[in-house]
Asker: 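Dumping the structure here so I can ask a few things about it.
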2 protein chains.
Amino acid sequence: MLQLTMTGEYAMRAMLHIASLPPRTVVPIAEISRAWEVPETFLRKIVGKLARGGLLKTVRGNGGGVALARLSREITLLDVVQAAEGPLALNACLTSPGACHRTPWCPVHPVWCEAQEKLREVLSSRSLEDLAKDASPANRPGVQRAAV
Amino acid sequence: MLQLTMTGEYAMRAMLHIASLPPRTVVPIAEISRAWEVPETFLRKIVGKLARGGLLKTVRGNGGGVALARLSREITLLDVVQAAEGPLALNACLTSPGACHRTPWCPVHPVWCEAQEKLREVLSSRSLEDLAKDASPANRPGVQRAAV
DNA sequence: TTTGAAGATGACAAAATTTATCCTCTTTGG
DNA sequence: CCAAAGAGGATAAATTTTGTCATCTTCAAA
């Protein structure tokens, strides 16, 4: 359907949560699950992918949890999406060279190439640091406060 | 998986086929199926969508088939993809205003908006006329010809 | 050293979507 | 009338997505 799946969406929420905490904070998966409406057992699977993708490091045992494996400034949205969903490929013909035998003469192929390139540019133009800044608690509607 | 489905891919092939024939040509679905390796019964369903989307007109009965409903110059790749796959929405939060309650403060939302806008630009920048020109038989490897 | 919190992992299962297929009906030119 | 061709509904196979569960390992603190 040409749409991000819940896996990718949940991955972004988790990464955003972690990135908005002080650097190096280790946070339990259960906390992220609660804060962002993500099923905990499913989130564990996704965290596994993010860890194997080198975006998160995990800490086992009591007091454990997950933390960013790199500075939030050095992780882009594209990194998150690709770690969760696999390499970006807007069309099957872009999954690997030679995936489609029509590629050498297909007039549509270059258009998909260009579209994908544009998408990559946008998704890699923002780091988690940029996003976490915009998502600082001050910008969120928390508990209703009395008017001043 | 953030990827075009076969439905959209087959739709493009069909539209491209029709657009590379002389204007107003009525071509049977079976011919498109044969030429582009698309299962015929499935293609019939897709043609239905393209017709309901106003991109094709169909002609029933003996000698019938399908033809472009508009000039190939006035049909873009975006039109084809949307007629086949539904409205473009790179993320669930873009399907309708208010689809996600986080949208008002979500820092990622604007990024997806921008990405989708870029994608729309690229896909709507080429008409079927442009593409059919590039796909003219001369550019395709047909039957092997003797070297001159 | 026991205990309990927390992540790792593989098997399994439910649900949704995609990708078809089949059958019957209608239309239409010859 | 008849054969070609699209329309449309019901159904089904295949795949992917979205989970769940049980068991195991790790680790800090009491």
Side-chain angles (χ1 to χ4, degrees), chain A residues 1-14 17-18 25-34 36-69 81 83-87 89 91-92 95, chain B residues 1-14 17-18 25-34 36-69 81 83-87 89 91-92 95:
Chain A
M1 199 226 287
L2 198 50
Q3 188 173 296
L4 193 77
T5 65
M6 296 312 287
T7 298
E9 168 71 20
Y10 291 160
M12 289 199 307
R13 295 186 196 172
H17 182 93
I18 305 168
T25 303
V26 172
V27 47
I29 290 177
E31 177 185 314
I32 305 175
S33 165
R34 261 181 271 112
W36 293 84
E37 306 167 80
V38 179
E40 185 177 335
T41 53
F42 192 25
L43 183 54
R44 279 215 283 271
K45 292 312 178 69
I46 298 170
V47 160
K49 294 184 183 189
L50 296 171
R52 281 189 292 278
L55 301 190
L56 291 180
K57 65 180 180 223
T58 62
V59 182
R60 284 183 168 199
N62 196 342
V66 299
L68 297 188
V81 170
E85 307 227 353
N91 195 343
T95 51
Chain B
M1 198 226 289
L2 199 50
Q3 188 173 292
L4 193 76
T5 63
M6 294 313 286
T7 298
E9 167 70 20
Y10 290 160
M12 289 199 308
R13 295 186 196 171
H17 182 93
I18 305 168
T25 304
V26 172
V27 48
I29 291 177
E31 178 185 314
I32 306 174
S33 165
R34 261 181 270 113
W36 292 84
E37 304 168 81
V38 178
E40 185 177 336
T41 54
F42 192 26
L43 183 55
R44 279 214 285 269
K45 293 313 175 75
I46 297 169
V47 160
K49 294 184 184 191
L50 295 171
R52 282 188 294 278
L55 301 189
L56 290 181
K57 64 180 181 226
T58 62
V59 181
R60 286 184 166 199
N62 196 341
V66 298
L68 296 189
V81 169
E85 306 227 354
N91 194 344
T95 50

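Throughout, a chain's letter reflects where its sequence line sits, starting with A, and its residues are numbered from 1. If you're wondering where the values come from, they're calculated on a predicted model, not measured in any experiment. The basis for the numbers below is simple: all heavy atoms, side chains too, and nothing from hydrogens, waters or symmetry mates.
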Asker: Please classify the nucleic acid contact of B:Gly64 as base, sugar-phosphate, or nothing, using heavy-atom distances under 4.0 Å.
Answerer: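 The residue B:Gly64 makes sugar-phosphate contact but no base contact.
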Asker: Please find the pair of heavy atoms, one from B:Gly54 and one from B:Ala69, that lie closest to each other, and give the distance.
Answerer: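 In terms of heavy atoms, the two residues are closest at O-CB, 3.4 Å.
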Asker: Give a yes or no answer on whether the side chain of B:Glu9 reaches the backbone of A:Asn91 with a donor-acceptor pair at less than 3.5 Å.
Answerer: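 Such a contact is absent between B:Glu9 side chain and A:Asn91 backbone.
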Asker: Side chains of residues 39-50 of chain B: which donor-acceptor pairs under 3.5 Å do they make with residues two or more places apart or in other chains?
Answerer:
{"residue": "B:Glu40", "atom": "OE2", "partner": "B:Arg44", "partner atom": "NH1", "Å": "3.4"}

Asker: Round to a whole Å and report the spacing from CD1 of A:Ile29 to C1' of D:dG19.
Answerer: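 From A:Ile29 CD1 to D:dG19 C1': 15 Å.
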Asker: Atom CD1 of A:Ile46 and atom C1' of D:dT17: how far apart are they, to the nearest Å?
Answerer: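 From A:Ile46 CD1 to D:dT17 C1': 11 Å.
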Asker: Could you give the CG-to-P distance, from B:Leu43 to C:dA20, as a whole number of Å?
Answerer: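 Atom CG in B:Leu43 sits about 11 Å away from atom P in C:dA20.
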Asker: Which distance, rounded to the nearest 0.5 Å, do you find between the CG of B:Leu68 and the CG of B:Leu55?
Answerer: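 Interatomic distance, B:Leu68 CG to B:Leu55 CG, rounded to 0.5 Å: 8.5 Å.
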Asker: Could you check whether any side-chain heavy atom of A:Val27 comes within less than 4.5 Å of a side-chain heavy atom of A:Ile32, counting everything from C-beta outward?
Answerer: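 Yes, at least one pair of side-chain atoms sits under 4.5 Å.
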Asker: Please report the distance, rounded to the nearest Å, between CZ in A:Arg13 and P in D:dT18.
Answerer: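 The distance from CZ of A:Arg13 to P of D:dT18 comes to 11 Å, rounded to the nearest Å.
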Asker: Could you check how far CG of B:Asn62 sits from C1' of D:dC1, rounded to whole Å?
Answerer: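 Atom-to-atom, B:Asn62 to D:dC1, this comes out as 13 Å.
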Asker: Nearest to the A:Arg44 side chain among D:dT20, D:dG9, D:dA22, which nucleotide is it?
Answerer: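 Ranking D:dT20, D:dG9, D:dA22 by closest atom to the A:Arg44 side chain puts D:dA22 first.
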Asker: Supply the atom-to-atom distance A:Gln3 CD to B:Thr5 OG1, rounded to the nearest 0.5 angstrom.
Answerer: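 Those atoms lie 12.5 Å apart.
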Asker: Without decimals, in angstroms, what is the distance between A:Glu9 CD and D:dG19 C1'?
Answerer: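 One finds 16 Å between C1' of D:dG19 and CD of A:Glu9, rounded.
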Asker: Can you name the closest pair of heavy atoms from A:Gly8 and A:Ala84 and give their distance?
Answerer: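 Smallest heavy-atom distance, with atoms named: CA-CB, 4.1 Å.
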Asker: Taking all non-hydrogen atoms of both residues into account, name the closest pair between A:Val26 and A:Gly63 and its distance.
Answerer: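 Reported closest heavy-atom pair: CG1-O, 4.1 Å.
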Asker: Is there any protein nitrogen or oxygen under 3.5 Å from a nitrogen or oxygen in nucleotides 16-19 of chain C, and what are the pairs?
Answerer:
{"residue": "C:dT18", "atom": "OP1", "partner": "A:Met1", "partner atom": "N", "Å": "3.4"}
{"residue": "C:dT19", "atom": "OP1", "partner": "B:Met6", "partner atom": "N", "Å": "3.1"}
{"residue": "C:dT19", "atom": "OP2", "partner": "B:Met6", "partner atom": "N", "Å": "3.3"}
{"residue": "C:dT19", "atom": "OP2", "partner": "B:Thr7", "partner atom": "N", "Å": "3.4"}
{"residue": "C:dT19", "atom": "OP2", "partner": "B:Thr7", "partner atom": "OG1", "Å": "3.3"}

Asker: Roughly, in whole Å, what's the span from NZ in B:Lys49 to P in D:dA7?
Answerer: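 Rounding to the nearest Å, NZ of B:Lys49 and P of D:dA7 are 14 Å apart.
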Asker: Between NE2 of B:His17 and CD of B:Glu31, what distance do you get to the nearest 0.5 Å?
Answerer: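 One gets 4.0 Å once the value is rounded to the nearest 0.5 Å.
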Asker: Report the distance from atom CD of A:Glu40 to atom P of C:dA8, rounded to the nearest whole Å.
Answerer: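 A:Glu40 atom CD is separated from C:dA8 atom P by 12 Å.
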Asker: What does the inter-axis angle of the helix from C:dT1-D:dA30 to C:dG30-D:dC1 come out as, five pairs per end, nearest 10 degrees?
Answerer: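 The two end axes of the helix from C:dT1-D:dA30 to C:dG30-D:dC1 meet at 10°.
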Asker: Could you please name the option among C:dA8, D:dG6, D:dA10 that lies closest to any side-chain atom of A:Thr58?
Answerer: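 Minimum distance to the A:Thr58 side chain belongs to C:dA8.
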Asker: Can you work out whether A:Val59 or A:Thr41 has the more 5'-proximal nearest nucleotide on DNA chain D?
Answerer: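 Its nearest nucleotide lies further toward 5', so the answer is A:Thr41.
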Asker: Ignoring hydrogens and geometry, is there a side-chain-to-backbone donor-acceptor pair from A:Glu85 to A:Leu4 under 3.5 Å?
Answerer: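 Such a contact is absent between A:Glu85 side chain and A:Leu4 backbone.
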Asker: Taking only the side-chain heavy atoms of A:Arg60 (C-beta and beyond), determine which of C:dT28, C:dC23, D:dT25 contains the nearest atom.
Answerer: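 Output: D:dT25.
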Asker: Report the nucleotide, chosen from D:dG8, C:dT9, C:dA8, that has the shortest atom-to-atom distance to any side-chain atom of A:Lys45.
Answerer: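 Nearest listed nucleotide: C:dT9.
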Asker: So, OP1 or OP2 of C:dT9: does either fall under 4.0 Å of a side-chain N or O from A:Arg52?
Answerer: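 Indeed, a polar side-chain atom of A:Arg52 lies that close.
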